[in-house]
Amino acid sequence: MTVRVRFSPAPTGYLHVGSARSALFNWLYARHTNGTMVLRIEDTDADRSRPELISAICESLQWLGIDWDEEHHQSDRFDRYVAAANGFLESGHAYRCDCTQDAVKERAEAAGSAGYDSFCRDRNVAPGEGVVIRFRTPDEGIIGWDDLVRGRVEFDCAVLEDFIVVRSSGVPMFHVANALDDLEMNITHVVRGEDLVNTTPRVLLLRQAIIDNRPGEEHPPTPLYAHLPLIVNEKRQKLSKRRDDVSVGDYRTKGFLPEAMRNYLLTLGWGPKDDVEIAPIEKFIAEFELADINKAPAFFDIKKLEHFNAEYIRALPVESFVAAGTPFIADIDPALFATLAPFLQERVKRLEEIPSFLSWVVGDPDEPSEKDWSNVMGKPEVPAVLDLVIERLATADWTPEAIGDVVFGVGTELDTKTQLPVRLALTGSRSGIPLFEPMAEMDRGVVLDRLRAARART
RNA sequence: GCCCCGUUCGUCUAGAGGCCUAGGACGCCGGCUUCUCAUGCCGGUAGCACGGGUUCAAAUCCCGUACGGGGUACCA
């Protein structure tokens, strides 16, 4: 039996890291088993779905290197869901209900319980305005499944309310589409977030009802479920689009490499047994098993993501780094960026940091802090150092080697270290990329002006 | 309220009864390399939520407690 998994986003927002991780685990399993990855757009709710988001979601998936073998849109299969729901009505699996939402809520509160009280089960409500179709859930019994991640999960049917399968607008609810599609698309493994655990009994019931209504037909076995632990924020709550910065596109904008993102995401809720957690994706495809996924939620640690990203950036051939970094350099001369790229590659954690390392080369230096200035420039030998450097740089060859010879040569003569005062005078900071290459790229006059200005302040 | 679930260093994870005086990674701290920073290398810090069982032996199995999370829509 070939494995068929599906990733089923609703186009109600951009792809966020939680969904991306679900997609990734589906994909890893599909590739691990040589199975089929299905992308199913769950756009049954026309009011909330935004078609333009479908392409945004697909782009984010592609950016991450997650590809798919089949693509379906539930909006194309609308009639099937309606037919299935009508079948429920005919077979007695479902019934019409004309209770208003307020009435349901009031009665629930009065009874001290939550949910719908099956009020319309035997009222034979006629079709009409404000009428929904509800599923007749069993009054007793246990419904459960063996979850690949969580083990046996069971629900008492007594706590299952008669849930809505068709809205008053005539549009079936997602459970119906879900159950029908998983059945007809031959899905063998359902890998999704833990937040869907509670809807699983409904889907299982619906699937059985669909099968009941198709006597004589062959049906695939019930899929195996794997409910993934959630990805949480620092408060250990489910990542929310409103509270947290979670869109995959945002990470792309900040200069995270897709390989780093993908590699980091797969360490949340799953871990390689050999302790090698940064590696080519093929290694993880080979190792990945749904049964090895953890049960506990995982915190999305941006620091560790940055470390992964920095590792991936450093591992790039320099031409690739230049190509990846170019979209982030704003109005900096691409040739300048290319010559200084090796220095940046070693220091940058996110590609968006590139310009900040170059600001003093292409523009004004930072204003040094009082403390740095007095610590570095307050030394008694500094005026002499600066004077000599200025004098010799005025006539030196304008190459990194010659500039370096001047600066270090003065240091040797005066028996002191000379880089720091020169650096502070030029950049305004004690730290940064090596000095002489960028200096050689700058205008000699600008360099001398900055050194003279610093000398004047000593 | 009701239903479902979780708990190994601050964080992510390895661990499926003896290999665990619990391993790796991020972070943090220290050292070496270095006339800046960074990289690289070396070292350190810190954890089985708690209480009962079961067993010759428990981070691993069972029960309870505590804490935490998810769900409870005519969203998915």
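Just so you know, these numbers use all the heavy atoms, side chains as well, and skip hydrogens, waters and symmetry mates. Chain naming here is simple, since letters A, B, ... match the order of the sequence lines and numbering starts at 1 in each.
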* For B:G17, the Watson-Crick or wobble partner whose two distances fall under 3.5 Å -> none

* Looking across every strand, which nucleic acid part, if any, lies under 4.0 Å from A:R347 by heavy atom: base, sugar-phosphate, or nothing? -> base

* Asked: For A:F25, is the NZ or CZ atom of A:R21 found under 6.0 angstrom from the centre of its six-membered ring and inside 45 degrees of the ring axis?
  -> yes

* Inter-nucleotide P distance (B:G69, B:U8), Å rounded -> 15 Å

* Proximity of A:Y29 and A:F284 rings by center, below 6.0 Å -> no

* Do the side-chain N or O atoms of A:R48 get closer than 4.0 angstrom to the phosphate oxygens (OP1, OP2) of B:C74? -> no

* Please determine, for the side chain of A:E42, which listed nucleotide (B:A76, B:G70, B:G6) has the closest atom? => B:A76

* Asked: Starting at the 5' end of RNA chain B, which residue's closest nucleotide do you reach first, A:E277 or A:T412?
  -> A:E277

* A:T44 near the nucleic acid: base, sugar-phosphate alone, or nothing, with a heavy-atom cut-off under 4.0 Å? -> sugar-phosphate

* Roughly how many Å is it from CG in A:L420 to C1' in B:C35, rounded to a whole number? -> 8 Å

* Rounding to a whole Å, what distance do you find between A:F163:CZ and B:C75:C1'? -> 15 Å

* Separation between the P atoms of B:C26 and B:G17, rounded to whole Å -> 30 Å

* Asked: Given atom CG of A:L239 and atom P of B:A76, what is their separation to the nearest angstrom?
  -> 22 Å

* Asked: When the C1' atoms of B:G53 and B:U60 are considered, how many whole Å apart are they?
  -> 15 Å

* Asked: Between A:R6 and A:E70, is there a side-chain N and carboxylate O pair less than 4.0 Å apart?
  -> no

* To do: Tell me what A:P9 touches on the nucleic acid: a base, only sugar-phosphate, or nothing, going by heavy atoms under 4.0 Å.
  => nothing

* Structure fact -> Across every strand shown, the nucleotide meeting Watson-Crick or G-U wobble geometry with B:C2 (both distances under 3.5 Å) is B:G71

* Value in whole Å for how far the C1' atom of B:U13 lies from OH of A:Y264 -> 11 Å

* **Donor-acceptor pair under 3.5 Å, A:D195 side chain vs B:G71 base** => no

* Tell me whether the OP1 or OP2 atom of B:C37 has a side-chain N or O from A:S429 closer than 4.0 Å. => no

* If you take atom types as modelled and just measure distance, does the side chain of A:T418 reach the base of B:C35 with a donor-acceptor pair under 3.5 Å? -> yes

* Has the side chain of A:K295 got a donor or acceptor atom sitting under 3.5 Å from an opposite partner on the base of B:C5? -> no

* Using whole Å, report how far CZ of A:F308 lies from C1' of B:U11. => 12 Å

* With sugar-phosphate meaning primed atoms plus P, OP1 and OP2, does A:L305 contact a base, only sugar-phosphate, or nothing at under 4.0 Å between heavy atoms? -> nothing

* **Geometric cation-pi criterion A:K254 and A:Y251, 6.0 Å radius, 45° cone** => yes

* Sort and list the pairs that fulfil ring-ring contact (aromatic ring centres under 6.0 Å, His included) and have at least one residue in residues 405-439 of chain A, not counting sequence neighbours. => A:F408-A:F436

* **Axial cation check for A:Y95 ring with A:R134, 6.0 Å and 45° limits** => no

* Asked: How far, in whole Å, is B:U13 from B:U33 if one measures between their C1' atoms?
  -> 31 Å

* Structure fact -> The nucleotide from B:G23, B:C12, B:C35 with an atom nearest the side chain of A:K304 is B:C12

* To do: Indicate, with a heavy-atom threshold strictly under 4.0 Å, whether A:V132 touches base, sugar-phosphate, or nothing.
  => base

* To do: Go through B:C3, B:A76, B:C12 for me and flag the one nearest to the A:L196 side chain.
  => B:A76

* Distance-only donor-acceptor test, A:D301 side-chain atoms vs B:G27 base atoms, 3.5 Å -> no

* Counting side-chain heavy atoms from CB outward, which of B:C5, B:G40, B:C37 is closest to A:V153? -> B:C5

* Say you pick atom P in B:A16 and the same atom in B:G71; how far apart are they, in whole Å? -> 33 Å

* Over how many whole Å does the gap from A:E194 atom CD to B:G68 atom C1' extend? -> 12 Å

* Which base sits across from B:A25 as a Watson-Crick or G-U pair, both distances under 3.5 Å? -> B:U11

* Taking only N and O in the side chain of A:N294, is any of them less than 4.0 Å away from OP1 or OP2 of B:A14? -> yes

* To do: Using the side chain to side chain donor-acceptor pair (under 3.5 Å) rule, collect all pairs that involve residues 261-273 of chain A, keeping only residues at least two apart or in two chains.
  => A:N263-A:Y312

* To do: Could you tell me whether A:R314 and A:E346 have a side-chain N and a carboxylate O separated by less than 4.0 Å?
  => no

* Structure fact -> Comparing nearest nucleotides in RNA chain B, the 5'-proximal residue of the pair A:Q237, A:R423 is A:R423

* **A:R150, nearest nucleotide to its side chain (from B:G24, B:C12, B:C5)** => B:C5

* Asked: A:F174 near the nucleic acid: base, sugar-phosphate alone, or nothing, with a heavy-atom cut-off under 4.0 Å?
  -> base

* Scan every strand shown for a Watson-Crick or G-U wobble partner of B:U55, both distances under 3.5 Å, and answer none if you come up empty. => none

* **C1' gap between B:G10 and B:G18, integer Å** => 31 Å

* Asked: For the pair made of CG in A:L265 and C1' in B:C12, what is the distance, rounded to whole Å?
  -> 12 Å

* To do: Scan A:G269 against the nucleic acid and name what it touches under 4.0 Å (heavy atoms): base, sugar-phosphate only, or nothing.
  => sugar-phosphate

* Asked: Nearest of B:G70, B:G24, B:C74 to any side-chain atom of A:L230?
  -> B:G70

* Asked: Which base, if any, makes a Watson-Crick or G-U wobble pair with B:C50, both distances under 3.5 Å?
  -> B:G64

* **N/O (side chain, A:R314) to phosphate O (OP1/OP2, B:G40) under 4.0 Å** => yes

* **Residues A:E353 and A:K349 bridged, charged N to O under 4.0 Å** => no

* Sugar-phosphate, base or nothing in reach of A:R430, heavy atoms under 4.0 Å -> base

* B:A59 versus B:C20 - spacing of their P atoms, nearest Å -> 13 Å

* Paired with B:C41 by Watson-Crick or G-U wobble geometry, both distances under 3.5 Å: which nucleotide is it? -> B:G31

* Of the nucleotides B:C35, B:U11, B:C3, which one has an atom closest to the side chain of A:F299? -> B:U11

* Any side-chain N or O of A:K273 under 4.0 Å from OP1/OP2 of B:G23? -> no

* Asked: Quantified in whole Å, what is the P atom distance between nucleotide B:C37 and nucleotide B:G24?
  -> 29 Å

* **N/O donor-acceptor pair, side chain A:S168 with base B:C74, under 3.5 angstrom** => yes

* Do A:R121 and A:D139 meet the salt-bridge criterion of a basic N to acidic O distance under 4.0 Å? -> yes

* Check every strand shown and say whether A:E154 touches a base, only sugar-phosphate, or nothing at a heavy-atom separation below 4.0 Å. => sugar-phosphate

* Separation of atom CZ in A:R167 from atom P in B:A73, rounded to whole Å -> 14 Å

